[in-house]
Amino acid sequence: MPVTSFTESSFPVNYFSLDENNYAVFPEIARAVERAAPDALDRFYAKVQETPETARFFSSTAMINHAKGKQLDHWRDMFSSRMDERYVAKAETIGNVHARIGLEPTWYIGGYALVLEAMIGRLLTESLRARLGGKQIARVVSTLVKCALVDMDIALSAYFRAEEAARVAVIDKVGQAMDRLAQGDFTAELDGLPASYAKLVDDFNSMRLRMRDTLMQVSDTADSINTGASEISQATDDLSRRTEQQAASLEETAAAMDQITQAVRDTAQGAALVNNSVGDAQADANEGGRVVREAIEAMDGIEKSAQEIAQIIGVIDGIAFQTNLLALNAGVEAARAGDAGKGFAVVANEVRALAQRSADAAKDIKGLIGASSKQVESGVQLVGQTGQVLDRMLTKISEIAGLANRISTSAEAQAASMQQVNSAAADMDKMTQQNAAMVEQSAAAARNLEAEADQLITLVQHFRLGQQRIARAAPARPAQRSAPQPVSRPAVAGNLALAMDPAAQDDWTDF
Amino acid sequence: MTRQLITFHVGSQCLGVDIMATREIRAWSPTTPIPQVPAFVRGIVNLRGMVLPVIDLSARLGWGDTEPGARHVIMVLQIGDRQYGLIVDAVNDIATIDGAAVQPPPGISGDGQDELLEGIVSVDGEMVLILDLERLAHNFGVPEEVAIAA
């Protein structure tokens, strides 16, 4: 604590106009000190111990006695000689000590008030001069008060200077720490402040750590965003490639569908042609059936004619039979006639021969007619079978016609369905192209996002966060969300920690 | 000495009668059955005002009954003083044969059935059984009054 150097005019004692008259009564005041101060100090320190705000400065009776002794020494010292620079320095030390331990002036002034009260009382009541009265005692008391005031002024001035210096030091440290923060250095700790600023230190450090954590989180998040954006970018590239493949496949599908549709149309046309041909075949088969029926009728006519011929042949045969009998009878008659009938017998024989030939011819014709009849019968049967075959063919042709019709119908339905599939494929193609455009936009957005995340990382890298975590991370780096580093807080046990300093104890003189 | 036969068929067998016994050859016409006669008598027919019995020759020969039709022939024969109609299947021919060529029947039948044959002769390589008409007709048993009434 600096000891103030004084000029003549700034020396505080001079300001109080302490003159030889004053110094002349110092021995008397010193005697009053010896008589009154110890009691007054006893009462004062008893009061100090009763009062919690002051009692906390002392942990033992020894400390109180020590302080009491120091103060008594100071009072003695004050009036032992002239108030020179040595004295001023000592008074200033008292103020500085008070400032250091945080003892407020109220208590100090209160202590002086008690001592003065006791000493003035003692001087007025017990002094010889008091009884002599008058001017002399007034000078003693006024000198005592003046000196006490001088002493207080010096100590308080030192106290306030020390206080201000401490405040300025705190402000400087806080300013430096703030400056480092402003520079982006979040490792800057605020320490070395008096215990009374512990709250400020705590708040500052927690603010710093919170900001550091936040920035770390920002950094992590930026990393994550970067990673995500890069993944999105990659996925978008994949998607783009697949979408292109899809588009190509769709194109091929559409082409194949066109071909299939054409084939199905051809099938439908073929089926329609088959249907027409089958219709013609059906007409032909119907015509064939009609022809077969006519043939059967014609055969029936032939059969009837043959039967009629057979009947006629029967008649002819009967005539031949009868003629034969007649000729035989003629022959018999000729034989009866003997030689006269010989010529007649020859004629009869000729007639018989003719009848026989007629019968033979009739028999042949009958046989032929029979054969013809059988053949006609067989022909009728065959034609009947032909008719049946034609009927069956008609049935089959009808079935074929139905089938061809169904083929035609279903081929047309298929063609319609194919058309729908075609338009669906076209729609899919359009959508795929739109997808491709969107994928392109997504890729661009992902790249932008990646760039922004990079920029964010670069920005955060400007901060010193006390950990090597802001380096540009690899995209695949797992997000390491490490806990904030443990902060070494200043160990503040209480406001009295500094007061317990042994040096402070040594420097402690008095109030 | 030659003689003339009318040859005819009953079943597959060729038979023959002397042409002089033949009165007429005519087609089958339905007969009127008469009672109380042997089974081979089919009935009677009216031949131009003359009623004559018709004999089923096949049945008479013991070869089974004939079912006569339009193509069957009735041979009207003069046997003794009577005329009979014999149903045959078909008349063949008028054959002239040598009388010496006629061979007697084999005579193996104990009850004299084969006596219905006069002899056997071969005509154009075919065996012709010549009927003995007198014997054939001896048991025709047709009542006399029928013929008279006809």
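Naming: A, B, ... by sequence-line order, numbering from 1 per chain.
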J.: Could you pull out every donor-acceptor pair under 3.5 Å between side chains of residues 364-374 of chain A and any protein atom, sequence neighbours left out?
T.:
none

J.: Evaluate V332(A) against Q4(B) for side chain to side chain contact (heavy atoms under 4.5 Å, CB included), listing each step before the verdict.
T.: CA-CA 9 Å; V332(A) 168; Q4(B) 285 189 305; over 6 Å; no

J.: Can you tell me if CZ on R357(A) sees more than 12 non-hydrogen neighbours from other groups inside 6.0 Å?
T.: no

J.: So for atom CG, which belongs to D280(A), do other residues, nucleotides or ligands contribute more than 12 heavy atoms lying within a distance under 6.0 Å?
T.: yes

J.: Once you round to the nearest 0.5 Å, how far does CG of L325(A) lie from CD1 of I25(B)?
T.: 7.0 Å

J.: Find the distance between CG (D93(B)) and CG (N349(A)) and round it off to the nearest 0.5 Å.
T.: 7.0 Å

J.: Give a yes or no answer on whether the side chain of N329(A) reaches the backbone of E24(B) with a donor-acceptor pair at less than 3.5 Å.
T.: no

J.: Please check: side-chain N/O of R336(A) versus main-chain N/O of T22(B), any donor-acceptor pairing under 3.5 Å?
T.: yes

J.: Side chain, backbone, both or neither: which part of E333(A) has a non-hydrogen atom closer than 4.5 Å to chain B?
T.: side chain

J.: How long is the gap from CG on L326(A) to CZ on R26(B), to the nearest 0.5 Å?
T.: 11.5 Å

J.: Which answer fits A70(B), side chain, backbone, both or neither, if we ask what part of it has an atom under 4.5 Å from a heavy atom of chain A?
T.: backbone

J.: Which answer fits N92(B), side chain, backbone, both or neither, if we ask what part of it has an atom under 4.5 Å from a heavy atom of chain A?
T.: backbone

J.: So with a 6.0 Å cut-off around CD of E251(A), is the heavy-atom count from everything else above 12?
T.: no

J.: What are the two closest non-hydrogen atoms of G331(A) and I19(B), and how far apart are they?
T.: O-CD1, 4.3 Å

J.: Tell me whether M20(B) at atom CE has more than 12 heavy atoms from other residues, nucleotides or ligands lying less than 6.0 Å away.
T.: yes

J.: Do you know the tightest heavy-atom contact between G318(A) and R71(B)?
T.: N-NH2, 2.9 Å

J.: Which atoms of R23(B) come close to chain A, meaning under 4.5 Å heavy atom to heavy atom: side chain ones, backbone ones, both, or neither?
T.: both

